[in-house]
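Each chain gets a letter, A, B and so on, in the order its sequence line appears, and its residues count up from 1. Remember, it's a predicted structure, so these values are computed and weren't measured experimentally.
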Number of protein chains: 2
Amino acid sequence: MSKLPSLKNLSYLLALHQHQNFNRAAQASFVSQSTLSSGIQNLEEQLGCQLIERDHKSFLFTAMGEEIVERSRAILTSTEELVNYAQSQGNVMEGPLRIGCIPTIGPFLLGLLSKTLQQQYPKLELLIREDTTQQLMNFLRDGELDVLILALPVDLQGNQQWIVGKDPFKMVLAPAVAEIAGDPVNYNKLPDKSIFLLEKEHCMTGHAVTACRLGNKEKINPFTASSLHSLIQMAEALNGATFVPQLAIDAGILAGTDLVIKDPSDGEAYREIGLVFRPTTSRRQTFRKLAETLAELLPEATLR
Amino acid sequence: MSKLPSLKNLSYLLALHQHQNFNRAAQASFVSQSTLSSGIQNLEEQLGCQLIERDHKSFLFTAMGEEIVERSRAILTSTEELVNYAQSQGNVMEGPLRIGCIPTIGPFLLGLLSKTLQQQYPKLELLIREDTTQQLMNFLRDGELDVLILALPVDLQGNQQWIVGKDPFKMVLAPAVAEIAGDPVNYNKLPDKSIFLLEKEHCMTGHAVTACRLGNKEKINPFTASSLHSLIQMAEALNGATFVPQLAIDAGILAGTDLVIKDPSDGEAYREIGLVFRPTTSRRQTFRKLAETLAELLPEATLR
DNA sequence: AACGAACTATCAGTTTATCCGATTATAGTA
DNA sequence: TACTATAATCGGATAAACTGATAGTTCGTT
């Protein structure tokens, strides 16, 4: 049996991969540049293969290097999770839990969620980051977040997901448009360019929205909003209509507006909310409890 | 972020768990008893919790200790697999591969398998262990084997399985019995106590065998054989009949006997052969290629 | 062509961690 | 009581990790 590499050296490799620069990686690892340099060399020697190609000014990770980085990451996060588990005395709802969430869910759910969790598990230290799905996936991959709350479907990229519940879409219409829209809304009765949507990055791709996009292009206004709040303001100010998640409505996003809520014509108008996490995690128990708490706060729970 | 424990200390903990004795664990780890002792203490201090309860003469792992052992095992095997992968230059069919196999498969399949593998992947170092299913599962859990070849179904105990193919059961009868048995065999025409079976541990629990057990108890001889070879000898010597896997027949287990081969009456008379491995493994690519090679050698491949 | 900026590798010296052997302490056993 | 088996402890030796300074490379600028 050959000698195992040290976790420290593996972490140096990870830092180097993240920062693509010996100095910055060393700083991030709280060691000197020389330490990190020799650490990497040490690792290459122990593993008996080249991890990075040097060309004196810069360097590049080899394919093997990338693979080793992947595996090292899994090993290091497992070890961190072990330490975390031990220091929480085996209570899976203690210590830090780093959650990522998208902006069309976060503001309307996390307030209540963190309140509920704090009450139920007072020793849980919630750390929440709001960003786009893709950014959050990167943070998850890099081990900077433990679990994501996303709108499904999503490109899992090797991660695992649990569906937690559904969030129905409602149509929200300016009064003038509401009068002629019918109930549930008949898209054909709406004026051209009267439907406002979010930018694509927000992936509010519920069935209703997709159907609307495909079948009623002329009804859709070419301007897109960058947040739910501005979406609603646009709909109100320009006498239009839009789709808003039930979650946001429940959280009072329409307060102070005179918009009218109606059902979309498509009965399957909802988005699914899910938890996403690394398949190599050893915190499934924690995520399970999180999922249960989350499901109770959603309009329709469907834990699976 | 608190400091991570060293892999060495984790391995000391594993050794201690395996040997339940500081001296033997230290020997197995090639260190002195004092080193191991302080390593464990070190670990407990770093993790901030008690892993073993000492009562001056002996000790006991705490629940937390057991959990940490589990997790440490996953971390260490991942690291070993990383090293192995690197040292094989990323070629997943190089280096050691430790296979466990049950005795009703091993002698009839592994000869051909290892020959095929050696030819296709000359740098693969095959290590084969033959034992009961339960023993093999223990070796797998303890990281002493990488993958098992078993007859399904099997209690996975948290492991993962891939089904590789089917191995049909044939009936094998002494000539006198064969004459009256019909073709396919009608169990009712057989004399009482004329069917011989293996000991239960061998889990030759194909549908045919199970059906026969349930519906024709009086036909079954109360004596059980401890190997396929003795099973066949009993059937021949005592003018009886028995079930034998196609695999064993193909390998020539009936050579030199005057037994007659017939189909069992049940059309679904087969056992499934599968690969079983730890869910935390990072050698799926290796196992995949093994599965493909294996499937080609089985009477009926059904890779899934 | 010369210079400086941005890099990584190397080296000598220091600090830290690991390990061993001997010893102590405890409990069970002959 | 002496003996055996066991784990914890301690001082000193050894090996590993780390640092700061320096060397050497490349690239862009003057």
Determine: side-chain N/O of B:Asn21 to OP1/OP2 of D:dA7, distance under 4.0 Å, yes or no.
yes

What is the distance, rounded to the nearest whole Å, between atom CD of B:Gln20 and atom C1' of D:dT6?
14 Å

Quick one: B:Asn23 CG to C:dG21 C1', roughly how many Å, whole number?
13 Å

Atom-pair distance (CZ on A:Phe22; C1' on D:dG24), nearest Å
15 Å

Tell me, please, which residues at least two apart from B:Asn9 pass side chain to side chain contact (heavy atoms under 4.5 Å, CB included).
B:Ser6, B:Tyr12, B:Asn42, B:Leu43

Using a distance-only test with no angle check, is there a side-chain donor-acceptor pair under 3.5 angstrom linking B:Gln157 and B:Gln134?
yes

Rounded to whole angstrom units, what separation is found between the CZ atom of B:Phe59 and the C1' atom of D:dA8?
13 Å

Atom-to-atom span, CD of B:Glu53 to P of D:dA7 - whole angstrom
15 Å

According to salt bridge (Lys or Arg N to Asp or Glu O under 4.0 Å), who are the partners of B:Arg73, at least two apart in sequence or on a separate chain?
B:Glu70, B:Asp142

Separation of D:dA5 atom P from B:Arg24 atom CZ, nearest Å, is 11 Å

Interface residues of residues 7-18 of chain B with DNA chain C (non-hydrogen, below 4.0 angstrom)
B:Lys8, B:Tyr12

How many whole angstroms separate atom NZ of B:Lys3 from atom C1' of C:dT18?
11 Å

Polar-atom pairs under 3.5 Å, protein N or O versus N or O of nucleotides 12-15 of chain D: list them with distances, or write none.
none

Sorted by chain and residue number, the side-chain hydrogen bond (donor to acceptor under 3.5 Å, both in side chains) partners of B:Gln18 (sequence neighbours excluded) come out as B:Glu144

Is there any ring-ring contact (aromatic ring centres under 6.0 Å, His included) pair reaching into residues 61-95 of chain A, and which pairs are they, with sequence neighbours excluded?
A:His17-A:Phe61

Residues two or more places apart in sequence or in another chain: which of them pass salt bridge (Lys or Arg N to Asp or Glu O under 4.0 Å) with A:Arg98?
A:Asp146

Who are the side-chain hydrogen bond (donor to acceptor under 3.5 Å, both in side chains) partners of A:Glu44, not counting sequence neighbours?
A:Arg54

Those residues at least two apart in sequence (or on a different chain) that pass side chain to side chain contact (heavy atoms under 4.5 Å, CB included) with A:Ser32 are A:Ser34, A:Thr35

Which of residues 27-47 of chain B sit near DNA chain D, with a heavy atom under 4.0 Å from it?
B:Gln33, B:Ser34, B:Ser37, B:Gln41

For A:Glu292, check side chain to side chain contact (heavy atoms under 4.5 Å, CB included) against everything at least two apart and list the hits.
A:Arg288, A:Leu303

Do any pairs count as a side chain to side chain donor-acceptor pair (under 3.5 Å) and have a residue in residues 118-130 of chain B, sequence neighbours left out, and if so which ones?
none

Flag for B:Glu81-B:Ser282: side-chain donor and acceptor within less than 3.5 Å:
yes

Between A:Phe61 (CZ) and C:dT8 (C1'), how many Å, whole number?
14 Å

